[in-house]
Each structure stands twice: as structure tokens, then as C-alpha cells.
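Here's the structure, in C-alpha cells; my notes come after.
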Amino acid sequence: MAKQNDELMEKLVSLCKRRGFIFPSSEIYGGLASIYDYGPLGAELKKNIKNFWWRWMVQKHANIVGLDSAILMSPRIWEASGHVDSFTDPLVDCKKCKQRFRADLLENESVCPNCGGELTQPRQFNLMFKTFMGPVEDTSHIVYLRPETAQGIYVNYLNVLNSSRLKIPFGIAQIGKAFRNEITTENFIFRTREFEQMEMQFFVQPESDQEWFESWKADRMAYYHKLNIHPEKLRFHEHGSNELAHYAKAAYDIEYEFPFGWKELEGVHNRTDFDLRRHQDSSGKDLTYFDDATRERFIPYIIETSAGVDRTLLTVLVDAFEEQELEKDTRTVLHLAPSIAPIKAGIFPLVKKDGMPEIAEKIYRLLSPIYPVYMDVSGAVGRRYRRQDEIGTPYCITVDSETLENETVTIRDRDTMEQNRMKIDDLSIFFFDKTQS
Ligand code: ATP
């Protein structure tokens, strides 16, 4: 089983490279450990995942607004938040082979999983990347690359509140890069040192924290179902007291069953008033909220939902990947939800004559301003279908001799491989219906 799972990951990594989803970064210079670049299809898929999340969290909730804060922030933020002191992982070294590990991820904390050698005692290693602001490289000029997007939201909470008509409960959502100098990186893009997060911080009245926590847990699970992820491969994992982060009162991970085991996909946390209280104490600014209805003043509690863009992308690829044994060959197919598929339709003239390429071109011009579509004029049509199946294109439109007579085309469904005829005039509404999330 383990071997099969390794093979599946190998096939996926190879597909990602071959078809232009994901490349190792700096490859012509030998690569840079666990940093990846997204190729044409990967960039499209990533953008679609972010849009899907933004629509779900921001557009569909009248009381959630967006933010785009800077990566570099005052270092005082990371002192107040506890990251300078506590954003650490326990690091152990193998005395024999010199490899390094994160002690809390090892099954046996005293034996090297690589060579069986003795391990050192764990020491705490801070995961924040440091750099210097301005020309002087001394400790007073240190700034950090943010290890999470959340703090940018907390320190803008007053700005957002004062510039909008929001009332508690309300949320602020943000998508952006985060950086962590991870001790061990693993499993392709599962754990990398540069990645993107999609975080939403929901500000609530302190007594209603549990209710909102439960509500967001349910909402976030529903989101993954809507993304077409197999429900039996998703579960909640509750953090025990030894796992809870320094800021959290309660935390659940939404986990996915990857080929390498059940792993965290997203965290839902009750961060209490920890962050705003710490920033209030540290900055000296009043961060309390006055509730007109109850005439009470309080520091809001925060329920956080924190997901990784790259980890979601890996999840949808793993979950969508299938090799189907057909009568004559094996079909590789990605069953991606149409709303996130990089290309929505392949457009094929059956043959390169009789005016078919011109009609295909017309369909391309009709759809391409709104939907990414791909025109393919060469090779057997079966092979053209397979090329699109492999990258998750949900539909293929074929112009054939009947098109010349009645302005209809065939539209083939990636998953069922069934073909139906449709009027060219109905294509726009068809794609609108199918690709909305
Ligand atoms: P872990 O314990 O696995 O290191 P974490 O609990 O520290 O992860 P969070 O701080 O809760 O992770 O981060 C929220 C989300 O951000 C994660 O669920 C994941 O999707 C994403 N994420 C965190 N670290 C990484 C990473 N190094 N690479 C890719 N995605 C990450």
C-alpha cells in the first residue's frame, strides 16, 4: 500500500512537471530546497482556488470584508504576538548521519528514522525568516517575513472598523504569502518554506465564541465538499492540550487523507482575545469595541479559519487524480471541479478543412474573454480528448460535419465521456451554469 501511495505521488509530481502545473524553483541552478514555481496551468489553478475561497468567504457573506496587508511589518508586532519567543519547533540532529528532524513529528524521539543513530536533545528553533530594513545590518534593523497573514488583520482591525459600517460579529479575510523556515520540508508542496495562506478572522462577542466556533467548523467542512473533495477523505482532528498553540483556547484541524497519511489542510481556531489584548498592551492603543445594543465595551474574541493555498492545490490534485483502465488503453484524468479547472473547454475542429477550423476559431473568440479555453486542431480527436482529461478540462467542444448544417457542436463531458449536441448559441449559458461555484 505504501509503495502504491509513493507511486501515486511520483505520477502526480511527474504530471505536474510535464504538463506545466508545478516546477522546482531555480531548476537550472539545481533547485532551491522545497521552493516551487507554478507553471501556466498551475498559476491558473491557484488563481481559481483563491477566487473560489474569496467568493465563498467574502462575496457570499455581507459581514466579511477583504484586506491586503504588507508582508513586512513592524517587528514589534511579532514580539507582541508571541512569535519572537514562541514560534518555534523542536529541532533534533542525528549524531551519526547529521540529518535534522522536527522532534514532534517523529514516532520515536530518540532514534534517527534515517539511519537509526542517536539523536540530540531537542532545542527550540524559531521559524521566522529575518532580514534587515535599510542599509545597516544590525539587530535594531531586523524585520521579519510574516509567518502568517493573521497579524496583518489584527493590527488593521481598528482601521477596518472605523472605515466601514461593520458591527460585531464581522470578519476580515486575507490571502497572501507567508514564510516559515521549516526544519523539515516534505511531500512536494505540502510543507514548503514560502507558501500562501487564505485566512479569515471573525470578531465576535466573547460569550458567543463557542457558538461561532462550531458554526465556522461546519461552514469550512461544507466548503471542501463544494470543492468536490471526496467527503470520506476529510475529517476533523481536535487539538489536545499538548498540541494547542500558545494563543488558542480550542482548535480543530480539517484533515485530508493524503497518500502519505492524514494531514492538516486547514486550522479552525478560537484565539480568544489573546491577539487584540496583546496588541493593545504593546501599542498602547485602545482596541476595545463598544456594542451600541448592549452598551458594553469589550475586546472581541476571534475565531480564525486558516487554510493554505498550496496545500489546497495539492489536495485537489491528489483527490482528482485517477488512472482508468479502459478497453484499449489507460486514461489519466483529473476530476477537478469545473469552477477551479485551469481550462474550461478544449475546442476541436474534427478535421482541418471544410470551414471547421474557422467555426472553432469563432467559438474560441466567443468563450475566451470570459473562460480560459484551449483550441487544439491537430491529431486524432481521441488523443486531443486525452490531453485535456489529463489536465482536468471538464468539457471538450467538437466542430464536425453536422455543425456545418445546423450550427450545433458536440460537447463531451470529461467524467462520463458522454457526448451531447448543443447549439453554439447555448454554449455561453452552459459554461456559466457549469463553472459557477
Ligand atoms: P504544522 O503543525 O503542520 O506545521 P501549523 O499548525 O503550524 O502546521 P497553521 O499555523 O495552523 O499550521 O497554518 C495554517 C495553514 O497554513 C495550514 O493548515 C496549512 O494549510 C498552511 N501551512 C502552514 N505551514 C505551511 C507550510 N510550511 N507549507 C505550506 N502550507 C503551510
Side-chain angles (χ1 to χ4, degrees), residues 22 25 32-38 42 46 49-50 53 57 78 81-83 86-91 101-106 124-129 145-154 173-201 213 216-217 220-221 223-224 227 229 234-240 242-256 258 260-271 274-275 302-319:
I22 302 169
S25 164
L32 184 62
S34 112
I35 307 280
Y36 291 90
D37 297 335
Y38 289 85
K46 204 175 184 200
I49 289 171
K50 290 192 270 186
W53 185 88
M57 299 301 272
W78 304 110
S81 68
H83 282 78
S86 315
F87 195 60
T88 55
D89 277 337
L91 166 71
F101 303 95
R102 219 176 106 176
D104 59 325
L105 297 182
L106 294 177
Q124 292 304 320
F125 173 77
N126 196 296
L127 301 183
M128 283 198 293
F129 276 97
L145 300 190
R146 67 180 176 199
E148 61 175 31
T149 61
Q151 298 301 325
I153 296 182
Y154 306 143
Q174 157 151 255
I175 300 177
K177 288 267 185 182
F179 303 82
R180 295 183 187 179
N181 200 1
E182 299 277 2
I183 296 169
T184 46
T185 53
E186 55 190 329
N187 298 318
F188 196 29
I189 55 168
F190 177 80
R191 186 186 302 287
T192 53
R193 296 194 169 104
E194 173 178 342
F195 54 97
E196 268 185 283
Q197 290 187 311
M198 304 180 280
E199 297 198 303
M200 193 282 300
Q201 311 295 324
F213 185 63
W216 277 111
K217 260 175 65 193
R220 295 306 300 155
M221 188 58 99
Y223 162 92
Y224 289 107
L227 255 185
I229 295 181
L234 291 163
R235 72 176 188 194
F236 281 114
H237 162 75
E238 182 178 7
H239 282 211
N242 57 336
E243 285 173 279
L244 275 182
H246 62 275
Y247 50 75
K249 171 175 161 189
Y252 276 81
D253 291 340
I254 295 178
E255 292 187 334
Y256 178 76
F258 289 96
F260 40 88
W262 285 96
K263 301 272 183 189
E264 173 179 342
L265 175 56
E266 163 160 353
V268 182
H269 308 128
N270 180 348
R271 295 181 76 130
F274 176 87
D275 302 273
I302 292 173
I303 309 301
E304 166 184 71
T305 71
S306 175
V309 176
D310 314 74
R311 218 172 264 188
T312 306
L313 194 142
L314 179 62
T315 306
V316 297
L317 286 177
V318 165
D319 200 69

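What's counted below: heavy atoms across the whole structure, side chains too, no hydrogens, waters or symmetry copies. Every number for a ligand or one of its atoms is a count from 1 in the order of the listing. Given the structure is predicted, the values throughout are model-derived calculations rather than measurements.
Summarising the contacts of atom 9 (P) of ligand 1 with Glu243, Arg311, Arg180, the nearest heavy atom is found in Arg180.
Contacts between Lys263 and ligand 1, counted as non-hydrogen atom pairs separated by less than 4.0 Å, are absent for every part of the residue. Neither the backbone nor the side chain of Glu304 comes within 4.0 Å of ligand 1, counting heavy atoms alone.
For atom 22 (N) of ligand 1, the closest non-hydrogen atom on the protein side is Phe195 CE1, 3.5 Å. Nearest to atom 4 (O) of ligand 1 among the protein's heavy atoms is Arg191 NH1, 2.8 Å. Of all protein heavy atoms, the one lying nearest to atom 8 (O) of ligand 1 is Glu264 OE1, 3.9 Å.
Panel note: side chain Gln174, backbone Thr149; a donor-acceptor pair is recorded below 3.5 Å. Under the 3.5 Å distance criterion, the side-chain polar atoms of Arg193 are matched with a main-chain donor or acceptor of Glu182.
The N/O atoms of Arg102, backbone and side chain alike, include one that comes under 3.5 Å of an N/O atom in ligand 1.
For the pair Lys263 and Phe258, the NZ or CZ position fails the cation-pi test of under 6.0 Å to the six-membered ring centre and within 45 degrees of the ring normal. For Arg311 and Phe190, the positive end sits near the middle of the six-membered ring, less than 6.0 Å away and at most 45° from its axis.
For the residue pair Gln201 / Glu304, a side-chain donor-acceptor distance below 3.5 Å is found, with atom types taken as modelled. Looking at Tyr252 and Arg220, their side chains never bring a donor and an acceptor atom within 3.5 Å of each other.
Residue His269 has at least one heavy-atom neighbour below 4.0 Å for each of these atoms of ligand 1: 11 (O). Taking a cut-off of under 4.0 Å to the non-hydrogen atoms of Leu265, the atoms of ligand 1 that pass are 18 (O), 20 (O). Atom numbering of ligand 1 starts at 1 in the shown order; those under 4.0 Å from a heavy atom of Ser306 are 13 (O), 14 (C), 15 (C), 18 (O). Interface of Glu182 with ligand 1, defined as ligand atoms under 4.0 Å from a residue heavy atom, comprises 24 (N), 26 (C), 27 (N). Close contacts between ligand 1 and Glu266 involve ligand atoms 18 (O) [criterion: under 4.0 Å to a heavy atom]. Distances below 4.0 Å separate heavy atoms of Phe190 from the following atoms of ligand 1: 28 (N), 29 (C), 30 (N).
Separation of the Tyr256 and Tyr224 ring centroids does not fall under the 6.0 Å cut-off.
Atom CD of Glu194 and atom OG of Ser25 lie 8.0 Å apart (nearest 0.5 Å).
Listed here is the closest heavy atom pair of Gln197 and Ser306: NE2-OG, 3.8 Å.
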